[in-house]
Amino acid sequence: MQTETTIISRYKTYHYIENLSQYVGQEIVLRGWVYHKTGKGKLQFIQLRDGTGIVQCVVFRGNVSEEVFEKAKELTQESSVIIKGTVREEARAPSGYEVDVLDIQIIQLTKDYPITPKEHGDTFLLEHRHLWLRSSRQHAIMRVRAAVVKAIRDFFDGNGFKLMDSPILTPNACEGTTTLFETQYFDLGKAYLSQSGQLYAEASAMALGKVYTFGPVFRAELSKTRKHLTEFWMVEPEMAFFDLEDDMDLAEDLVEYIVHYVLKTCRRELETLERDITQLEKVKRPFYRMTYTEAVEWLNKHNVPLIRKLDGKEVEEPFPWGEDFGAVQEEALMEQFDKPCIIHHYPAKVKAFYMKRDPENPELVLAMDMLAPERGGEIIGGSQREDNYDLLLERIKEENLPLDAFQWYLDLRKFGSVPHSGFGLGIERTVKWITGAKHIREVIPFPRMIYRIFP
RNA sequence: UCCAGAGUAGCUCAGCUGGUCAGAGCACCUGACUGUUAAUCAGGGGGUCCUGGGUUCAAAUCCCAGCUCUGGAGCCA
């Protein structure tokens, strides 16, 4: 990723590894950490990282004082150093450049750095997440994550959307109460960590037209898979006067833009991650689309059954219309596709109370999910919202949701109600798909999972 | 929450039909080497075999309980 703006400090001039090509033949000063070191008699090779990249610094006994050479020999993994040297083009180096060292200043000599270049187990790495982030693979993932976030902001800001952040502490449950983190809010009773900014985004859209919220959301689900976090980041656009078709078009535009932006700005990171770039290059509009009913027909035509557990035994049956898809169905469906697919018009009973009924079939709602290829899973869930006061009230009562808490939400259907739509895109699911990371915990700096809140 | 599985050196693991079973590689320390990048070669130090009970002449090994963690399911982004 190239920096698009350069900040020149009034106080110091820093050289960064990602800009080395500008300094060939010049003497520069690099500040960073020893990523790795190998020695061979009169030669010491220091892999130096500074946050922007890694470069090999070569210390030759004949070029430096005895004191400097001894310092080079003494260096350990993750020692912090300031290195003065000359930049040289070097065909043998992965980055194309090397630094011939003239002087070394050791800031701190690190002892017993826990993460070695050898293999480690998941548990050990997670215990050391604060250090694991320094490893090249994690470093690359975090840079892609930053690019994904920037792409999202650029996309919405550049298309007439206004950022309208939703509160994190809320008095009401958006989609049921069993999966909420609860806290005591002074004398006002229970407050909950928000599961979604959507309801507030709807209010915001009635004020500003096209809005998006972007922030962390919290789900106390007892999920223990490689696709779930209890704290994750979600971007949720909400648009007045958009119907489901508009919503799906926008979702496609957004995802295409994100993937294109990452391909454009994160080539080196994707190489580090050994990601198959040709797969990402296929992500161009239009994506695939099918209705829920078509998807069920496809599943039955291809003998993908529903697996139920009865008395501890697994029983297979043809996939019945009305059942929600599980991991097996999702993966089977997506294996035929090389770019994302939107499934829309779901049965009302498997979807949330705020989704609008299909005027042509009251058993359906105007909902859509986007599934990513290459086992990326569900990255987007969205819908056109119910804008009829009476129908929404009915649904709230059916779900036994506390009416008091939703009075303000019902107000939106009382004062100038209009058709409107929106969706939520999970940042981590998206980054996981784009980077090809094996587990979602790798794509957020400090993952929060059902059995882990450290570090 | 449910179903599986795992805890032995700093790390990754072998040993697990009970009896030379306290082991290997890496990391670390010492030395050799002008092209290494998971360097190589020689030498060295390093252990509550997760915890607590039980069976036995004898337990890292078998049994029970607990703790911690991992994978998967459902739910979802």
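These numbers come from the heavy atoms of this one structure, side chains and all, not from hydrogens, waters or symmetry mates. Note that the structure is predicted; figures quoted are calculated from it, not measured. Convention: sequence-line order gives letters A, B, ...; per-chain numbering from 1.
A:His130 pairs by the ring-ring contact (aromatic ring centres under 6.0 Å, His included) definition with nothing, not counting sequence neighbours. Listed by chain and number, the residues in a ring-ring contact (aromatic ring centres under 6.0 Å, His included) with A:Tyr16 amount to none (sequence neighbours excluded). Applying the ring-ring contact (aromatic ring centres under 6.0 Å, His included) rule to A:Tyr292 yields the partners A:Trp321, A:Phe325, A:Tyr346; only residues at least two apart in sequence or on another chain are considered. Qualifying ring-ring contact (aromatic ring centres under 6.0 Å, His included) partners for A:His128, counting only residues two or more places apart in sequence or in other chains: A:Phe124. Every residue two or more places apart in sequence or in another chain that forms a salt bridge (Lys or Arg N to Asp or Glu O under 4.0 Å) with A:Glu182 is listed here: A:Lys190. Checked against side-chain contact (heavy atoms from CB on, under 4.5 Å), A:Gln77 has the following partners two or more places apart in sequence or in another chain: A:Tyr113, A:Pro117.
Contacts of A:Ile380 with the nucleic acid, taken as non-hydrogen atoms under 4.0 Å apart, involve only primed sugar atoms and P, OP1 or OP2. Contacts of A:Glu98 with the nucleic acid, taken as non-hydrogen atoms under 4.0 Å apart, include base atoms. Within 4.0 Å (heavy atoms only), A:Asp369 reaches no atom of the nucleic acid at all. As judged by a 4.0 angstrom heavy-atom cut-off over every strand, A:Ile379 is placed among residues touching the sugar-phosphate backbone only. Using a 4.0 Å heavy-atom criterion, one finds that A:Ala93 contacts no nucleic acid atom at all.
Of the side-chain N and O atoms in A:His439, one or more sit less than 4.0 angstrom from OP1 or OP2 of B:G71. Contact between the side-chain N/O atoms of A:Arg226 and the OP1/OP2 oxygens of B:C76 is not found at any separation under 4.0 Å.
On the C1' atoms, B:C63 is 27 Å away from B:U20, given to the nearest whole Å. Nucleotides B:G10 and B:G66 are separated by 28 Å at their P atoms, to the nearest Å. B:G19 and B:A59 have their C1' atoms separated by 10 Å, with the value rounded to a whole Å. For B:C62 and B:G25, the C1' atoms lie 30 Å apart once the distance is rounded to whole Å. With P as the reference atom, B:C69 and B:A77 are 27 Å apart, rounded to whole Å. Using C1' as the reference atom, B:U61 and B:G15 are 9 Å apart when rounded to the nearest Å. With both ends at atom P, the span from B:U8 to B:U48 equals 12 Å, rounded to whole Å.
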Scan nucleotides 46-49 of chain B against the protein and return all N/O pairs shorter than 3.5 Å with their distances rounded to 0.1 Å.
none

Within the sub-3.5 Å range, which N or O atoms of nucleotides 25-33 of chain B have a protein N or O partner, and how far apart are they?
unit_1, atom_1, unit_2, atom_2, d
B:C33, N3, A:Gly41, N, 3.2

What N/O pairs connect the protein and nucleotides 67-69 of chain B at under 3.5 Å? Give each pair on its own line.
unit_1, atom_1, unit_2, atom_2, d
B:C69, OP1, A:Tyr451, O, 3.1
B:C69, O2', A:Thr123, OG1, 2.6

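Side-chain proximity of A:Met234 to the nucleotides B:G71, B:A77, B:U37 is greatest for B:A77. Closest to the A:Arg219 side chain, of the nucleotides B:U1, B:A73, B:C76, is B:C76. With B:G35, B:C76, B:G71 as the choices, the nucleotide that has an atom nearest any side-chain atom of A:Glu221 turns out to be B:C76. Distance from the side chain of A:Leu229 is smallest for B:A77 among the nucleotides B:G35, B:A77, B:U70. Distances from the side chain of A:Phe124 to the nucleotides B:U36, B:U12, B:A73 place B:U12 closest.
We find that CD1 of A:Ile343 is positioned 15 Å from C1' of B:C76, with the value rounded to whole Å. Atom C1' of nucleotide B:C76 and atom CZ of A:Phe181 are separated by 14 Å, given to the nearest angstrom. As rounded to whole Å, 17 Å separates atom C1' of B:C76 from atom CE of A:Met449. Between the C1' atom of B:A77 and the CG atom of A:Leu254 lies a distance of 13 Å, rounded to the nearest Å. Regarding A:Lys227, its NZ atom lies at a distance of 11 Å from the C1' atom of B:G74, rounded to whole Å. Protein atom CD of A:Gln329 is 8 Å distant from nucleotide atom P of B:G74, rounded to whole Å. We find that CZ of A:Arg137 is positioned 16 Å from P of B:A38, with the value rounded to whole Å. Regarding A:Tyr35, its OH atom lies at a distance of 11 Å from the C1' atom of B:A38, rounded to whole Å.
Stacking of A:Phe232 onto the six-membered ring of B:A77 is present: less than 5.5 angstrom between centres, less than 30° between planes.
Ranked by how close their nearest RNA chain B nucleotide is to the 5' end, A:Val350 and A:Lys37 are led by A:Lys37.
In terms of polar N and O atoms assigned as donor or acceptor, the side chain of A:His120 never comes within less than 3.5 Å of the base of B:C11 in a complementary pairing. The base of B:C75 is paired with the side chain of A:Ser223 by a donor and an acceptor separated by under 3.5 Å. Interface remark: the A:Thr38 side chain does not form any donor-acceptor pair with the B:U37 base, using a distance-only criterion of under 3.5 Å.
What you find for A:Leu180 and A:Leu193 is that their closest heavy atoms are CD2-O, 3.8 Å.
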side-chain contact (heavy atoms from CB on, under 4.5 Å) between A:Tyr409 and A:Tyr354, intermediate numbers included: CA-CA 10 Å; A:Tyr409 186 63; A:Tyr354 51 74; 3.3 Å; yes
Contacts table for residues 63-73 of chain A: side-chain donor-acceptor under 3.5 angstrom, sequence neighbours left out:
unit_1, atom_1, unit_2, atom_2, d
A:Ser65, OG, A:Val68, N, 3.2
A:Glu66, OE2, A:Arg61, NH2, 2.9
A:Lys71, NZ, A:Ile104, O, 3.0

Would you tabulate the side-chain donor-acceptor contacts of residues 226-235 of chain A under 3.5 Å, counting partners in other chains and residues two or more places apart, or write 'none'?
unit_1, atom_1, unit_2, atom_2, d
A:His228, ND1, A:Thr225, OG1, 2.7
A:Thr230, OG1, A:Arg448, O, 3.1

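If you check B:G71 for Watson-Crick or wobble pairing at under 3.5 angstrom, you find it paired to B:C3. Checking B:G35 for Watson-Crick or G-U wobble geometry (two distances, each under 3.5 Å) identifies no partner in any strand. With a cut-off of 3.5 Å on both pairing distances, the Watson-Crick or G-U wobble partner of B:G66 is B:C50. Pairing of B:G23, defined by two Watson-Crick or G-U wobble distances under 3.5 Å, is identified with B:C13.
Of the possible donor and acceptor atoms, none in the side chain of A:Arg49 sits under 3.5 Å from a partner among the backbone N and O of A:Gly32.
Judged as a side chain to side chain donor-acceptor pair (under 3.5 Å), the pairs with a partner in residues 376-386 of chain A (not counting sequence neighbours) are, in order, A:Glu238-A:Arg385, A:Ser383-A:Arg385.
Inter-residue side-chain proximity for A:Tyr212 and A:Leu163 is flagged as met; some heavy-atom pair is nearer than 4.5 Å.
Looking at A:Glu127 and A:Arg452, a side-chain N of the basic residue comes within less than 4.0 Å of a carboxylate O on the acidic one, giving a salt bridge.
Annotation: cation-pi geometry not satisfied between A:Lys40 and A:Phe45 (NZ/CZ under 6.0 angstrom from ring centroid, within 45° of ring axis).
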